[in-house]
J.: 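To start, I am sharing the structure in question, which I have written as structure tokens.
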Amino acid sequence: MIEIWPAIDLIDSTSVRLTEGKYETQEEMPRTAEEAIQYYTQFKQVSRIHVIDLIGAKNQNPTESDYIEQLVKLTDLPIEVGGGIRTTETIESYFNKGIDYIIIGTKGIQDIDWLEQITNLYPNKIYLSVDAYVEEIKLNGWIDDANINLFDFIKKISHLKLGGIIYTDISKDGKMSGPNFDVTGRLVQTTPIPIIASGGIRNKADIDQLDCLNVHAAIVGKAANTDAFWEDIS
């Protein structure tokens, strides 16, 4: 059964959402991050909370680690964190703050040897976030082109001890238009590593379709902030 991981994206310790990863589209969410943590914790369908430091991702260095440490104390659910994590020391610091899982993005894509080292150090605790316009991978908070094809890259890392691969089709993100079912389904068939879908997920129909594709988990952003979403899937 597919897992549901609500997303909290942070800028200046404020819960926001972006559209297509563009920082100028920043929209403050109706609940604070603290309120969102408490809200999501009540739903039995939620098995984990997904927290991203957006400025950390953009500036290539975490900026919200102290604030995130406070959020961890508000729930017994596992929390995964990403955004600007580029060093083993940063990973260790987050684990020491009570974070359960770490999301690596740009650094892991650019340095597969380092990615292999940290997945060996922390097997199944590291998740790789691969963000793409459909199949073309983007880096540094979705700003820069990697000039790497998604499927070519995934084949290179399928032997690693990753907890999962988070695939976001940036063209879908924040639009509430549904995820990229085609590419997500093909990824499931390409690698034995669990695939997590992110971007554009709206409702129970989207969750059910991803479940049919054997997607491991769905990260839900804007929709998860609405009561209607939880009424729909309950």
Side-chain angles (χ1 to χ4, degrees), residues 2 5 7 9 18-23 25 50 52 54 56-60 80 82-87 91 101-120 123-201 206 209-221:
I2 191 169
W5 302 348
D9 292 347
L18 308 181
T19 299
E20 291 190 354
K22 297 174 181 175
Y23 284 74
T25 67
H50 173 90
I52 298 296
L54 287 175
K58 185 178 182 180
N59 293 344
Q60 305 177 32
E80 64 179 15
I85 300 173
R86 306 290 179 102
T87 69
I91 294 170
Y101 302 99
I102 296 295
I103 303 163
I104 302 297
T106 296
K107 172 70 173 178
I109 293 167
Q110 293 181 319
D111 189 346
I112 294 176
D113 289 342
W114 177 76
L115 183 64
E116 183 165 12
Q117 289 172 16
I118 62 167
T119 55
N120 286 335
N124 301 315
K125 289 283 191 178
I126 306 295
Y127 284 70
L128 183 68
S129 180
V130 184
D131 306 324
Y133 272 103
V134 189
E135 293 186 24
E136 293 306 311
I137 294 176
K138 302 285 278 187
L139 304 173
N140 299 319
W142 304 356
I143 294 170
D144 300 323
D145 292 319
N147 297 313
I148 303 170
N149 175 269
L150 173 66
F151 288 93
D152 292 342
F153 177 74
I154 295 302
K155 289 173 184 175
K156 291 180 181 178
I157 63 165
S158 286
H159 64 289
L160 300 184
K161 298 173 184 176
L162 286 161
I165 295 168
I166 300 169
Y167 167 63
T168 304
D169 182 348
I170 300 166
S171 71
K172 300 282 188 178
D173 191 68
K175 290 186 170 181
M176 296 281 287
S177 60
N180 190 324
F181 295 109
D182 174 58
V183 172
T184 305
R186 286 163 55 203
L187 284 173
V188 173
Q189 299 300 318
T190 298
T191 179
I193 298 172
I195 297 296
I196 295 91
S198 173
I201 298 168
D206 288 346
Q209 190 167 344
L210 291 169
D211 197 16
C212 288
L213 295 171
N214 293 319
V215 172
H216 177 71
I219 294 171
V220 187

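Only a predicted model underlies this, so the values are computations on that prediction, with no experimental measurement involved.
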J.: Any sub-3.5 Å donor-acceptor pair from Asn120's side-chain atoms to Glu116's backbone N or O?
T.: yes
J.: For Ala57 and Arg86, which heavy atoms make the closest approach, and how far apart are they?
T.: O-NH2, 4.3 Å
J.: How many angstroms lie between atom CD of Glu136 and atom CD1 of Ile148, to the nearest 0.5 angstrom?
T.: 9.5 Å
J.: What distance do Ile109 atom CD1 and Ser129 atom OG have between them, rounded to the nearest 0.5 Å?
T.: 7.0 Å
J.: Return each pair, listed once, that meets side-chain hydrogen bond (donor to acceptor under 3.5 Å, both in side chains) where at least one residue sits in residues 152-161; pairs must be two or more places apart or across chains.
T.: Ser158-Thr191
J.: Quick one: closest heavy-atom pair of Leu139 and Gln110, and the distance?
T.: CD1-NE2, 3.4 Å
J.: Under the side-chain contact (heavy atoms from CB on, under 4.5 Å) criterion, do Tyr167 and Ile154 qualify, and how do the steps go?
T.: CA-CA 11 Å; Tyr167 167 63; Ile154 295 302; over 6 Å; no
J.: Within the 4.5 Å heavy-atom criterion, are Ile219 and Ile201 side-chain neighbours or not?
T.: no
J.: Are the side chains of Val130 and Ile137 in touch, meaning some heavy atoms are under 4.5 Å apart?
T.: yes
J.: What distance do Lys138 atom NZ and Asn147 atom CG have between them, rounded to the nearest 0.5 Å?
T.: 9.0 Å
J.: Check whether any side-chain heavy atom of Val215 sits under 4.5 Å from a side-chain heavy atom of Ile196, and report yes or no.
T.: no
J.: Can you see which heavy atom on Ile126 is nearest to which on Leu162, and at what distance?
T.: O-CD2, 3.4 Å
J.: At what distance, to the nearest 0.5 angstrom, does CD of Glu135 lie from CG of Asn149?
T.: 5.0 Å
J.: Kindly compute the distance separating OH (Tyr101) from CG (Asn124), expressed to the nearest 0.5 Å.
T.: 8.5 Å
J.: Could you go through the side-chain contact (heavy atoms from CB on, under 4.5 Å) check for Trp5 and Val220 one step at a time?
T.: CA-CA 6 Å; Trp5 302 348; Val220 187; over 6 Å; no
J.: Determine, stepwise, if the pair Leu210 / Phe181 fulfils side-chain contact (heavy atoms from CB on, under 4.5 Å).
T.: CA-CA 7 Å; Leu210 291 169; Phe181 295 109; 3.8 Å; yes
J.: Could you tell me the separation between the CD1 atom of Ile165 and the OG1 atom of Thr190, rounded to the nearest 0.5 Å?
T.: 9.5 Å
J.: Tell me every residue that passes side-chain hydrogen bond (donor to acceptor under 3.5 Å, both in side chains) with Asp182, counting only those two or more places apart in sequence or in another chain.
T.: Arg186
J.: Donor-acceptor pair, Tyr23 side chain versus Leu54 backbone, under 3.5 Å?
T.: yes
J.: Please find the pair of heavy atoms, one from Leu213 and one from Val188, that lie closest to each other, and give the distance.
T.: O-CG1, 3.4 Å
J.: Could you tell me whether the side chain of Asn214 reaches within less than 4.5 Å of the side chain of Ile2, counting heavy atoms only?
T.: no
J.: Test side-chain contact (heavy atoms from CB on, under 4.5 Å) on Ile166 and His50; report intermediate values, then the result.
T.: CA-CA 11 Å; Ile166 300 169; His50 173 90; 4.0 Å; yes
J.: Where is the tightest heavy-atom contact between Phe153 and Gly108, given as atom of each residue plus distance?
T.: CZ-O, 4.3 Å
J.: Could you tell me which non-hydrogen atom of Trp114 sits nearest to which non-hydrogen atom of Ile85, and how far apart they are?
T.: CH2-O, 4.5 Å
